[in-house]
Amino acid sequence: MGFLKLFLIVALVFFLLSETASQQKSKIKTTSRKVPKYSISFMGGFGYVLGSANGDGRGFTSQYNLPGGNLFISDNLGMQQGYGIMTVGKVAIDKKKKTRITGTLGYNLFYNSEDRGRNRTKWHIFNLGAGVEYHFTPKQRQRLFVGYELDYTLTFGAWQSDILYPDGYLSNIYTKFSPASRLGMAATAGMEFRLSRKMDLIVEIRGVWANLFPRNNSYTSQPYDTYINDSKSNSGIELMSRKDIIYMQVVTGITLPLKYK
């Protein structure tokens with residue numbers, strides 16, 4: 001249902017963008033907008049996890065009392081859908097102001113809940129990014145742009161799940177994941193619409209890979225505190241597969257010009 005929701009939102013966004021652009025094309029001049037050198041955007045929206053980190057709340061697996069300690073070995077992180085907010089600062093660097101350097105500060109919350117909350121996950125992802133955007137027609141009032149950025153991400157969370165022990169005992173446990181620092185990247189396609197001289201509407205579709213590298217596996221001495229263990233092979237620990245935290249987002253918000261020269 002989450003992926004279907006994302007697909008419908010993306011389809012609706014593109015339909016509205018095309019309809020708005022076609023309706024406004026005959027009403028306004030295409031070169032009537034003054035382009036700011038500095039601007040800042042505030043956005044929020046919906047995201048859905050597509051990579052191998054996606055899974056249901058019953059998929060928790062861990063092995064205890066191994067020679068190296070306790071080990072989280074599940075093939076996913078129980079992520080699914082969530083919401084996020086971000087702030088993006090932009091600086092135009094060329095004469096025509098088509099190319100812009102960007103700086104991003106963002107936060108995403110991904111969650112998954114089943115069986116009335118007995119099996120659930122909650123994940124927090126903070127990101128700090130630097131990148132570049134290209135605006136095809138910056139002087140128009142409706143403007144298409146694409147972007148790319150490199151991100152530092154900090155990921156941590158918790159998983160509550162039913163666990164069946166070898167002796168047949170069923171227990172419900174709550175396990176915390178220690179913060180994991182990773183480098184990632186994001187690709188963006190979006191449009192801006194002029195609302196007034198001091199404000200634009202912005203709509204974006206973002207594809208994010210939050211844990212591109214490095215990847216680590218580690219034992220822990222605590223039974224209910226573990227690491228995400230997103231590498232297939234690391235530190236002498238061999239797992240079934242790696243966990244890729246990849247997600248799509250549809251976000252919208254406002255852009256404010258800060259300075260024109």
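Note that this is a predicted model, so its numbers are computed, not measured. Throughout, residue positions are numbered sequentially from 1 according to the sequence presented.
Nearest approach of Tyr174 to Ala158, heavy atoms of both residues: OH-CB, 3.3 Å. Considering all non-hydrogen atoms of both residues, Ala186 and Asp151 come closest at CB-OD2, 3.8 Å. Minimum interatomic distance between Arg215 and Asp230 (heavy atoms only, all atoms of both residues): NH1-O, 3.2 Å. Smallest separation of non-hydrogen atoms from Ser74 and Gly59: OG-O, 2.8 Å. Among all heavy-atom pairs drawn from Asn54 and Val49, the shortest one is ND2-O, 2.7 Å. Contact detail for Asn216 and Asn234: the closest heavy-atom pair is CA-OD1, 3.4 Å.
Residue-environment remark: OH (Tyr224) stays at or below the threshold of 12 foreign heavy atoms within 6.0 Å. Heavy atoms of other residues, nucleotides or ligands lying less than 6.0 angstrom from NZ of Lys122 number 12 at most. Within a 6.0 Å sphere centred on OH of Tyr169, other residues, nucleotides and ligands contribute 12 heavy atoms or fewer.
Summarising the geometry, atom NZ belonging to Lys176 is positioned 13.5 Å from atom OG1 belonging to Thr226; distances are rounded to the nearest 0.5 Å. Distance NZ/Lys243 to CD1/Ile228: 7.5 Å, rounded to 0.5 Å. The structure places CG of Leu256 at 8.5 Å from OG of Ser39, a figure rounded to the nearest 0.5 Å. Taken to the nearest 0.5 Å, the CG atom of Asn211 stands 7.0 Å off from the OG1 atom of Thr155. Distance check: Glu192 CD to Met199 CE gives 12.5 Å after rounding to the nearest 0.5 Å. Atom OG of Ser171 is separated from atom CD1 of Ile163 by 8.0 Å, given to the nearest 0.5 angstrom.
Residue Ile73 belongs to a hydrophobic cluster whose other members are Leu66, Leu71, Tyr219, Ile237, Leu239, with links defined by side-chain heavy atoms closer than 4.5 Å.
Both Leu144 and Leu201 belong to a common hydrophobic cluster when Ile, Leu, Val, Met, Phe, Trp and Tyr are linked at side-chain heavy-atom distances under 4.5 angstrom. One hydrophobic cluster holds both Trp209 and Leu150 under the rule that ILVMFWY side chains link at heavy-atom gaps under 4.5 Å. Tyr227 and Phe72 are members of different hydrophobic clusters when ILVMFWY side chains are connected at heavy-atom separations under 4.5 Å. In terms of hydrophobic clustering, with Ile, Leu, Val, Met, Phe, Trp and Tyr side chains grouped at heavy-atom distances under 4.5 Å, Leu183 and Leu128 are assigned to different clusters. Under the 4.5 Å side-chain contact rule for hydrophobic residues, Val88 and Tyr148 do not share a cluster.
Put simply, the side chain of Asn127 does not reach to within 4.5 Å of the side chain of Met86, judged on heavy atoms. Asn70 is listed as a side-chain neighbour of Tyr64, based on a closest heavy-atom distance under 4.5 Å. Here the side chains of Arg100 and Pro138 are in contact, with some heavy-atom distance below 4.5 Å. Between Thr121 and Leu77 the shortest side-chain heavy-atom distance does not fall below 4.5 Å. With contacts defined as side-chain heavy-atom distances shorter than 4.5 Å, the pair Val132/Tyr134 does not qualify. Proximity of Val250 to Phe46: side-chain heavy atoms (C-beta onward) are nowhere separated by under 4.5 Å. For the pair Tyr247/Asn108, a side-chain contact is recorded, criterion being any heavy-atom separation below 4.5 Å from C-beta on.
By the 30° and 60° cut-offs, the orientation of the rings of Trp159 relative to Phe60 is perpendicular. Between Tyr107 and Phe126, the ring planes are tilted. Angles from 30° to 60° get that label.
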Test side-chain contact (heavy atoms from CB on, under 4.5 Å) applied to Thr99 and Ile93, step by step
CA-CA 6 Å; Thr99 305; Ile93 60 173; 3.9 Å; yes

Decide side-chain contact (heavy atoms from CB on, under 4.5 Å) for Ile125 and Val208; before the verdict, give the C-alpha distance in whole Å, the side-chain angles of both, and the deciding distance to 0.1 Å.
CA-CA 11 Å; Ile125 301 179; Val208 182; over 6 Å; no

Stepwise side chain to side chain donor-acceptor pair (under 3.5 Å) test for Ser41 and Thr255:
CA-CA 4 Å; Ser41 299; Thr255 298; 2.7 Å; yes

Step by step, would you call Arg182 with Thr153 a side-chain contact (heavy atoms from CB on, under 4.5 Å)?
CA-CA 5 Å; Arg182 299 290 186 267; Thr153 65; 3.6 Å; yes

Could you walk me through whether Ser161 and Asn119 pass the side chain to side chain donor-acceptor pair (under 3.5 Å) check?
CA-CA 4 Å; Ser161 181; Asn119 295 284; 3.2 Å; yes

Worked check of side chain to side chain donor-acceptor pair (under 3.5 Å) between Asp225 and Ser178:
CA-CA 7 Å; Asp225 191 355; Ser178 298; 3.2 Å; yes

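For Asn172, the side chain to side chain donor-acceptor pair (under 3.5 Å) partners are Gln160, Asp162, not counting sequence neighbours.
Exactly one residue among Gln81, Gln80, Met79, Arg120 makes a side chain to side chain contact (heavy atoms under 4.5 Å, CB included) with Asn112. That residue is Gln80. The side chain to side chain contact (heavy atoms under 4.5 Å, CB included) with Met43 is formed by just one residue from the set Thr87, Ile85, Ile202, Thr252; it is Ile202. With respect to Glu133, the salt bridge (charged side-chain N to carboxylate O under 4.0 Å, His left out) criterion is satisfied by exactly one of Lys90, Arg143, Lys97, Lys98: Lys90.
Ring centroids of Phe156 and Phe177 are separated by 6.0 Å or more, keeping the two rings apart.
In this structure a side-chain-to-backbone donor-acceptor pair under 3.5 Å is missing from Gln249 to Arg206. Remark: the backbone N or O of Ser233 is paired with a side-chain donor or acceptor of Ser231 at under 3.5 angstrom.
Judged by distance alone, the side chains of Glu149 and Thr102 never bring a donor and an acceptor atom under 3.5 Å apart.
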